[in-house]
Structures are given as C-alpha cells and as structure tokens.
Amino acid sequence: MSELYDVIIIGGGSGGMSAGVYAARGKMKTLILEDKRNTGGQAATTSEMENYPGILEATGPQLMDMFRDHCNKFGVEFARGLVTDISIAEDGFIKTLKTNKGEEFQTKSIIIATGATPRILGIKGEAEFRGKGVSYCATCDADFYEELDVVVVGSGNTAVEESVFLTKFVNKVTMIVLHDQGILDADRTAQEQAFANDKIEFVWNSVVEEICGDELVDGVKLKNLKTGEITEMSTDGVFMFVGTVPKTEFVKELIELTPQGYVITNEKQETSVPGIFAAGDVTDKFLRQVVTAAGDGAVAAVAADRYIEEEESWRKSVAEFDGTAMVAFWNPLSKESLDVINELEVHCKDQPDQRVVTIDTYKSQNIANRFNVKEVPVVIRFDAGQEAKRVDVKDIAELETLY
C-alpha cells in the first residue's frame with residue numbers, strides 16, 4: 001500500500017497536468033497516474049497549436065512538455081499504471097485505486113482526466129490494416145507517407161487540422177465527407193484553410209465502405225449516400241478522424257455517466273460521488289480543446305482542496321469528537337440561523353464536553369447533502385460522532401429538545 005495522497009489525478013493530458021500544477025502549488029500531495037509511457041494525452045499528437053492563448057509558435061508535444069515542466073517545478077509525482085478499480089472507505093473519505101500492475105494507491109480525492117480515444121468505425125479492413133496503412137494520428141505517422149496519396153475520413157476541426165498538416169508531407173489528401181458539397185463540420189477558420197489548400201481534395205456525400213489491400217493499404221471502396229453507387233479509389237493510407245470515445249470503462253459502475261459514457265460534472269467539476277472530480281475530454285462538455293481541459297483541471301484541483309478541507313474539519317470537530325457536537329446548518333442570509341447559533345453558543349458556553357459546530361450550507365454542500373439539509377436552520381446533535389437528534393427549527397424553543 002502506498003502513502004496517502006491528497007489527490008491522485010488519473011491521466012496526464014492537458015486537464016490532468018493543469019490539475020497537477022494547481023494542486024501541487026496549493027501544497028497538496030499530488031500524484032498523476034498515466035497509463036502511457038509519455039504524458040500529454042491527445043494534445044501530444046497534435047501538430048499545430050494555434051488557438052492556445054499566448055502560445056504563438058508551438059506544436060502539441062512542445063506545449064505538453066511545458067505542462068510537464070510546470071508540474072515538475074511544483075513537485076507533482078508521476079507514476080505509470082492503468083487504473084482498473086476504485087474502492088471507497090466506509091466513511092466515504094479515503095479512496096483506494098488499483099492498477100493493472102497490482103499496485104494500490106490511497107488518496108483523499110481523485111480527479112479523473114483520462115480523456116478519450118479515437119472512435120473506431122468498424123469499417124471492413126479498419127482493424128486488419130491498423131498500423132499497416134490505417135492511422136489515427138497524423139503527427140505520429142505523417143512522415144511514413146511522404147510524397148504519397150492518403151485519404152482522411154471525417155470533416156470536423158481535428159480532421160481538417162490534421163489534413164492541413166499532412167499536406168506538408170504527402171502528395172495529396174482526399175477528405176471523404178458525408179455532407180453535401182461545401183459543408184464541413186469544422187469551424188469557419190479551419191474550413192477556409194482546407195478549401196485554400198491545393199493539396200486537399202474532397203469527395204462529398206460519401207462514406208468509406210471498405211479499406212482494401214494485401215499486406216498494406218492500397219485503396220478504399222466509397223459509397224455515395226445519395227445514389228448508393230460503390231466506387232474504388234487508390235490510396236496509400238487512411239487517416240481516421242471521426243470523433244472520440246471517453247475512457248470511462250473503469251468507473252462506469254461508480255459514477256454517473258451520459259449514455260455516451262462521458263462523465264457528468266457540475267460547475268466545480270464534481271462527479272456524482274463526493275471527493276471524485278473529472279476534467280477535460282472525459283467529461284460531458286460543449287467544447288473539447290486543450291484550453292478548456294486546462295480550465296477544468298484548475299477548477300477540479302481547487303474544488304478537491306476545498307473538499308478535503310471540509311471533510312477534515314468535519315472529522316476533527318464532529319466525527320472524532322468524544323463529546324456532544326451541536327451542528328447548526330445555516331447560511332448568512334438567514335436571520336433565524338444566526339439566532340439559533342447564538343442560542344446554542346449560550347447553552348454550550350459552560351459545558352466543556354459540548355461544542356457548537358456551524359456548517360454554511362452554501363460552502364459545505366457535501367456535508368449538507370449528506371444529511372439531507374434542504375432548508376435552514378437545522379440543528380443535529382452528535383454524541384461521540386453519532387447522530388442522536390435532529391431538529392428542523394421552526395421555533396427557537398424547539399432547541400430545548402436537543403439538550
């Protein structure tokens with residue numbers, strides 16, 4: 001069993017490393033677990049990085065190297081391992097992660113930043129020729145196709161950006177687009193780049209029906225979606241850029257996911273399980289970019305720090321207190337709450353084995369939710385850490401039932 005971490009971040013992409021910087025800079029003992037040899041995630045396979053603010057000239061790998069250097073500066077620890085299981089202690093605080101190497105790591109909080117993997121369409125020949133002419137990464141494989149002709153499947157931002165990058169190496173890129181002529185899924189700037197590039201051609205209203213070849217890819221069969229006609233096209237390679245699939249298989253029974261498998265989070269990047277957060281492409285979000293993943297990571301790290309502070313304070317003041325704790329749930333806008341707190345403090349003033357603990361329901365939503373506090377004021381009496389009596393206060397005289 002490892003030492004206890006404040007936060008373990010699963011995934012070393014832009015979201016994970018951003019969380020690492022914020023967590024470690026905040027003096028949290030931080031570990032990033034990555035299942036790959038190199039950190040950086042999908043961004044490390046992106047050739048051009050034109051829309052990350054302040055970075056005018058850098059490739060994806062270069063930017064991710066800078067993220068890693070930033071993590072190192074603040075003392076983030078890194079380890080390799082594929083997380084296969086997460087278990088939570090009975091009190092809900094300490095989490096144990098198990099990896100495919102049989103290792104176990106303990107932590108007070110978790111940030112899931114596992115990202116997503118390229119979507120597999122299941123086209124005939126796709127699996128057979130993967131690595132033999134079928135690729136999902138232009139940065140990784142472009143130089144293998146120098147002066148050759150390649151096909152790109154997809155028409156979103158990634159497909160267009162990678163097609164433009166491929167033209168630096170290949171003879172010609174043919175984009176297979178299922179939409180009508182002139183319609184791409186990419187943003188306007190990316191579309192303009194594609195249409196202005198003499199090395200990029202388009203086949204509209206079509207899909208790849210089959211990837212053909214012997215030992216290596218030598219062609220594709222295309223189906224026209226309007227006529228149903230099947231045609232053959234010679235090509236030396238097929239690059240697939242048709243979206244991604246979130247890497248959430250290991251938590252599908254633990255936290256709430258969308259039907260597509262993305263993690264559902266709130267504005268604090270909290271998941272449905274207290275103490276588990278998520279950031280980046282693995283989450284259900286509108287825009288999946290390096291800059292949005294980095295923002296998610298920052299929010300998740302700060303939220304994790306607040307969660308730990310809240311939980312440790314609860315344990316010290318209530319759960320591990322041998323005496324009687326009068327826990328008053330309140331908010332600053334409720335005068336009744338303030339009156340209740342004053343009354344409790346007067347009562348407990350000369351009682352050395354009693355204390356008043358105040359819980360701001362806005363700042364400590366996890367605690368409030370744990371005890372199903374919807375409205376204030378509510379007072380719960382705990383004896384030696386165990387709930388003994390609850391009063392949803394309508395009249396301050398009701399407090400007498402707690403004493």
Side-chain angles (χ1 to χ4, degrees), residues 13-14 34-50 59-64 114-178 184-186 190 193-194 197 199-203 206-223 232-247 281 288-290:
S14 50
E34 176 61 275
D35 64 345
K36 299 177 182 177
R37 184 176 300 275
N38 299 315
T39 52
Q42 292 245 26
T45 69
T46 302
S47 56
E48 303 292 339
M49 191 59 63
E50 293 185 333
T59 64
Q62 288 171 336
L63 182 59
M64 290 303 96
T114 45
T117 57
R119 183 179 301 280
I120 307 299
L121 290 183
I123 298 169
K124 185 177 181 181
E126 182 179 2
E128 294 89 329
F129 290 107
R130 183 166 185 167
K132 300 176 182 179
V134 173
S135 176
Y136 301 86
C137 174
T139 305
C140 310
D141 299 331
D143 57 343
F144 296 137
Y145 298 90
E146 194 162 357
E147 299 302 322
L148 300 177
D149 296 338
V150 299
V151 160
V152 166
V153 180
S155 65
N157 273 27
T158 299
V160 170
E161 291 165 3
E162 300 292 52
S163 293
V164 171
F165 175 73
L166 282 167
T167 60
K168 298 177 181 179
F169 299 83
V170 304
N171 177 57
K172 182 179 69 173
V173 173
T174 302
M175 297 187 68
I176 312 301
V177 184
L178 54 80
L184 300 175
D185 293 317
Q193 290 178 336
N197 195 306
K199 285 190 171 185
I200 299 179
E201 298 181 358
F202 303 88
V203 176
S206 298
V207 294
V208 175
E209 190 81 354
E210 181 180 349
I211 300 171
C212 308
D214 189 5
E215 293 184 359
L216 299 173
V217 169
D218 62 18
V220 291
K221 291 183 180 179
L222 306 178
K223 179 179 180 180
E232 296 185 9
M233 173 186 293
S234 296
T235 187
D236 300 296
V238 179
F239 285 82
M240 310 288 291
F241 302 116
V242 288
T244 57
V245 177
K247 297 168 69 173
D281 288 4
R288 293 185 173 86
Q289 294 282 290
V290 172

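Just so you know, residue 1 is the first one in the sequence shown, and it goes up from there.
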Asp218/Cys212 under side-chain contact (heavy atoms from CB on, under 4.5 Å): CA gap, chis, key distance, verdict: CA-CA 6 Å; Asp218 62 18; Cys212 308; 4.1 Å; yes

What distance do [X] atom [atom1] and [Y] atom [atom2] have between them, rounded to the nearest 0.5 Å?
X	Y	atom1	atom2	value
Met240	Ile176	CE	CD1	10.5 Å
Glu162	Thr167	CD	OG1	11.0 Å
Leu178	Asp185	CG	CG	7.0 Å
Tyr145	Ser135	OH	OG	6.0 Å
Gln289	Asn157	CD	CG	6.5 Å
Glu161	Gln193	CD	CD	7.5 Å

For residues [X] and [Y], report the shortest heavy-atom separation together with the two atoms involved.
X	Y	value
Ala138	Phe241	N-CZ, 4.0 Å
Ile120	Tyr136	CD1-OH, 3.4 Å
Ala159	Ser163	O-OG, 2.7 Å
Phe129	Val217	CB-CG2, 3.6 Å
Ser155	Val177	CB-CG1, 4.0 Å
Gly125	Val134	O-CG2, 4.4 Å

Within the side chain of [X], is there an N or O that forms a donor-acceptor pair under 3.5 Å with the backbone of [Y]?
X	Y	value
Asp236	Asp149	yes
Gln42	Ala116	yes
Arg288	Asp281	yes

Stepwise side-chain contact (heavy atoms from CB on, under 4.5 Å) check, Leu222 with Val203: CA-CA 9 Å; Leu222 306 178; Val203 176; 4.2 Å; yes

Side-chain heavy-atom pair [X], [Y] within 4.5 angstrom cut-off:
X	Y	answer
Ile200	Met175	yes
Thr174	Thr235	no
Glu128	Ile211	no

Chi angles and distances behind the side-chain contact (heavy atoms from CB on, under 4.5 Å) call for Thr39, Met64: CA-CA 7 Å; Thr39 52; Met64 290 303 96; 6.0 Å; no

Neighbour count >12 (heavy atoms, 6.0 Å) for atom CD, Glu215: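 Check fails, neighbour count at 12 or below.
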
Atom NZ of Lys132 with >12 non-hydrogen neighbours under 6.0 angstrom: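 Not more than 12 within 6.0 Å, no.
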
Criterion salt bridge (Lys or Arg N to Asp or Glu O under 4.0 Å) on Lys221 and Glu210, from CA distance to verdict: CA-CA 5 Å; Lys221 291 183 180 179; Glu210 181 180 349; 3.7 Å; yes

Residue pair Phe239, Val173: steps toward the side-chain contact (heavy atoms from CB on, under 4.5 Å) verdict: CA-CA 10 Å; Phe239 285 82; Val173 173; over 6 Å; no

Listed partners of Glu201 passing salt bridge (Lys or Arg N to Asp or Glu O under 4.0 Å), at least two apart: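 For Glu201, the residues satisfying salt bridge (Lys or Arg N to Asp or Glu O under 4.0 Å) (neighbours in sequence not counted) are Lys172.
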
